[in-house]
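This report concerns only the one structure given below.
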Amino acid sequence: MSRRGLVAGNWKMNGLTGAADTLVGGILKGLEQRKGKNICEVLVCPPFTAIQAVGKKIAGSAVKLGGQNMSEHKPGAHTGEITGQMLTDIGCTYVILGHSERRSMYGEDSQLVARKMVAAYRDGLTPIVCIGETLQERESGKTLDVIRDQVSAIFPNLPADEAKRQQLVLAYEPVWAIGTGKTATPEQAQEVHAFIRKMLVDQLGNDTASKVRILYGGSVKPDNAAIIFSKPDVDGGLIGGAALKAEDFLGIIDGFQG
Ligand code: 13P
């Protein structure tokens with residue numbers, strides 16, 4: 001595969017400083033034990049309050065740091081919001097955008113997500129744009145329509161710069177699989193990932209489309225990671241619950257080893 005695998009931990013709204021320290025310590029220890037092995041890229045996205053401390057702890061390691069959300073706006077009067085620059089300032093290189101929890105609980109639509117993507121690129125971050133259908137949408141046969149709409153919204157807002165386009169990461173997270181223990185079958189994941197890849201080819205051309213990574217998220221665990229990651233258009237995982245236990249997160253990272 002020409003794309004490097006990426007396993008990203010989305011800690012969501014979990015982790016006081018002590019727990020965050022213990023968790024990242026466990027991840028670093030496990031990665032140290034895997035030194036010399038051909039492992040995938042590893043990213044952790046702690047809650048805002050723990051990012052700086054986690055960043056200090058992972059300094060000098062291969063683990064990357066990301067935010068879970070950011071504002072579309074430039075610095076100014078936006079109480080409770082943070083800019084992408086604030087994330088890069090404390091060592092983040094990635095930001096998750098448009099997670100289904102933000103779409104469903106905080107009213108983020110695809111247009112807002114696209115504007116946030118512009119801001120993320122502007123501020124030097126690699127966006128991880130989340131997409132995915134609800135159970136109702138899947139059961140009424142609308143999965144690919146929903147995915148088409150969500151992915152189409154970002155194309156007009158992509159930067160012209162080819163290298164930046166190639167950095168883009170998409171995360172397919174079927175809403176019905178998030179935190180439910182119900183994982184998409186590897187075939188269901190591959191079907192949607194292949195559909196997204198085809199859209200990328202049509203819009204951005206073969207070269208860029210072959211570089212963009214598409215992650216799967218939704219109840220990924222150590223015992224199902226390898227089979228999901230074995231699918232040709234699945235380039236890694238966006239992990240929720242299992243990213244909160246070092247042993248489980250490491251087990252998922254191991255899913256990438258040959
Ligand atoms: P779970 O792994 O807990 O299902 O969460 C997935 C997710 O939402 C990651 O962003």
Side-chain angles (χ1 to χ4, degrees), residues 5-15 19-20 23-24 27 40-48 50-51 54 63-70 87 92 94-106 108 110 113 116-117 120 125-135 137-138 143 146-147 150-151 168-186 188-189 192-193 196 213-229 231 234-256:
L6 170 63
V7 169
N10 174 9
W11 296 4
K12 306 192 179 183
M13 199 170 69
N14 296 290
L23 175 54
V24 78
I27 294 168
C40 61
E41 190 178 352
V42 177
L43 166 68
V44 291
C45 302
F48 290 139
I51 291 180
V54 169
V63 179
K64 309 263 174 68
L65 198 59
Q68 299 175 14
N69 179 33
M70 59 173 273
L87 291 174
C92 291
Y94 285 90
V95 63
I96 299 170
L97 297 177
H99 190 280
S100 69
E101 288 148 19
R102 301 235 34 109
R103 291 179 191 254
S104 67
M105 297 176 199
Y106 301 97
E108 295 197 5
S110 292
V113 175
K116 286 189 177 197
M117 183 187 70
L125 292 162
T126 295
I128 302 177
V129 177
C130 302
I131 54 200
E133 82 287 2
T134 62
L135 184 59
E137 287 162 344
R138 175 161 282 269
T143 297
V146 171
I147 299 300
Q150 292 177 344
V151 177
L168 175 70
V169 180
L170 295 170
Y172 169 55
E173 300 202 307
V175 178
W176 49 272
I178 296 177
T180 58
K182 270 194 196 170
T183 321
T185 64
Q188 284 173 324
V192 176
H193 284 227
I196 297 168
R213 291 178 292 182
I214 310 171
L215 311 182
Y216 169 80
S219 298
V220 179
K221 307 284 178 224
D223 61 0
N224 61 21
I227 177 85
I228 296 172
F229 296 162
K231 291 293 171 188
V234 178
D235 305 313
L238 183 53
I239 319 302
L244 297 174
K245 275 194 194 154
E247 200 185 320
D248 288 351
F249 191 56
L250 291 159
I252 291 169
I253 290 166
D254 288 339
F256 257 104

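Just follow the structure's listing: the first ligand is 1, and inside any ligand the first atom is 1. Both backbone and side-chain heavy atoms feed into the values below; hydrogens, waters and symmetry mates do not.
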Checklist entry - Do Gln68 and His99 get their side chains close enough for a donor-acceptor pair, meaning under 3.5 Å? => result no

If every non-hydrogen atom of [X] is compared with every non-hydrogen atom of [Y], which pair is closest and at what distance?
{"X": "Gly132", "Y": "Val175", "result": "O-CG2, 4.1 Å"}
{"X": "Cys92", "Y": "Ile51", "result": "SG-CG2, 3.7 Å"}
{"X": "Arg103", "Y": "Ser110", "result": "NH1-OG, 3.0 Å"}

Next on the checklist: Once you measure the plane-to-plane angle for Phe229 and Phe256, does it fall in the parallel (<30°), tilted (30-60°) or perpendicular (>60°) bin?
Outcome noted: parallel

Checklist entry - Salt bridge between Glu41 and Arg213, side-chain N to carboxylate O under 4.0 Å? => result yes

Check ligand 1 for N or O atoms under 3.5 Å from a protein N or O and list each pair with its distance.
residue  : atom   : partner : partner atom : Å
ligand 1 : 2 (O)  : Gly240  : N            : 2.9
ligand 1 : 3 (O)  : Gly241  : N            : 2.8
ligand 1 : 4 (O)  : Gly179  : N            : 2.6
ligand 1 : 4 (O)  : Ser219  : N            : 2.7
ligand 1 : 5 (O)  : Lys12   : NZ           : 3.4
ligand 1 : 8 (O)  : Lys12   : NZ           : 2.8
ligand 1 : 8 (O)  : His99   : NE2          : 2.7
ligand 1 : 10 (O) : Asn10   : ND2          : 3.0
ligand 1 : 10 (O) : His99   : NE2          : 2.9
ligand 1 : 10 (O) : Glu173  : OE1          : 3.2
ligand 1 : 10 (O) : Glu173  : OE2          : 2.9

